[in-house]
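Presented below is the structure to which this report refers.
Here the structure is a predicted model, which is why all the values come from computation and not from measurement.
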Amino acid sequence: MSTLSVGTVKSISSAAPVFQNSSGTEQGRLARAFVRFKGSGTISINSSFNISSISDLGQGDYNINFENNFANADYCFTSGHDGAVNTGHNPNMHVYWTNRNTPLTNLIHMRCYHPMDSAKRSDGSRLCVVIF
């Protein structure tokens, strides 16, 4: 076994590098973007990659703006939160494309709301999204 120690890995094309085993079978890829942010009070990003900013659209409603637009909108995502919100209940959290039907290459929309009433939105204290 050998170890590769480098400062930068660069793809020979515009696509991200792919990790393969010794047989050339794909074993994984990197996340295209991620963010962990404080969504209550003054919005602040704790940690991120390929995220330029978070737009606060109102209580529990955010746009997560990509620093570098994706080549296409054929991505998938996952999200999470710590459940601590300014209204004292555990919210449901939905991450979706802004108009809910057509994915966008420049941002993804996130909304947190009360599990029994989607009209009751909640600002989250620690929110996370990873996009692949």
Inset, instruction - Spell out, yes or no, whether Y75 and V35 are grouped together once hydrophobic residues are joined by side-chain heavy atoms under 4.5 Å, including indirect joins. - result: yes
Inset, instruction - Search all heavy atoms of L127 against all heavy atoms of G39 and return the closest pair with its distance. - result: CD1-CA, 4.2 Å
Inset, instruction - Scan for ring-ring contact (aromatic ring centres under 6.0 Å, His included) pairs involving residues 17-62, sequence neighbours excluded, and state none if there are none. - result: F37-Y62
Legend entry - Stepwise side-chain contact (heavy atoms from CB on, under 4.5 Å) test for H109 and L57: CA-CA 10 Å; H109 191 104; L57 305 176; 3.5 Å; yes
Inset, instruction - Considering non-hydrogen atoms only, spot the tightest contact between F66 and T105 and give its length. - result: CD1-O, 3.3 Å
Inset, instruction - Determine whether T78 and V129 make a side-chain contact, defined as any pair of heavy atoms from C-beta on separated by less than 4.5 Å. - result: no
Inset, instruction - Can you run down the side chain to side chain donor-acceptor pair (under 3.5 Å) pairs that involve residues 16-28, sequence neighbours left out, and say none if there aren't any? - result: E26-R29
Inset, instruction - Supply the atom-to-atom distance F132 CZ to R32 CZ, rounded to the nearest 0.5 angstrom. - result: 11.5 Å
Legend entry - N50 versus N68, side-chain donor and acceptor atoms under 3.5 Å: yes
Legend entry - Nearest heavy atoms of S40 and S125, plus distance in Å: OG-CA, 4.0 Å
Legend entry - Trace of the side-chain contact (heavy atoms from CB on, under 4.5 Å) decision for N63 with I54: CA-CA 6 Å; N63 275 346; I54 307 289; over 6 Å; no
Inset, instruction - Check the pair K38, I43 against side-chain contact (heavy atoms from CB on, under 4.5 Å), reporting the backbone distance first and the verdict last. - result: CA-CA 5 Å; K38 177 181 163 249; I43 304 300; over 6 Å; no
Legend entry - I64 side chain near L107 side chain, heavy-atom distance below 4.5 Å: no
Legend entry - Closest non-hydrogen atom pair, I51 against A33: CD1-CB, 4.0 Å
Legend entry - S55 versus N65, side-chain donor and acceptor atoms under 3.5 Å: yes
Legend entry - Side-chain donor/acceptor of D61 to backbone N/O of R111, under 3.5 Å: no
Legend entry - Heavy-atom closest contact (S53 atom, I45 atom, distance): CA-CD1, 4.2 Å
Inset, instruction - Supply the atom-to-atom distance S48 OG to E67 CD, rounded to the nearest 0.5 angstrom. - result: 7.5 Å
Legend entry - Contact summary for R36 and C128, nearest pair of heavy atoms: CG-SG, 3.7 Å
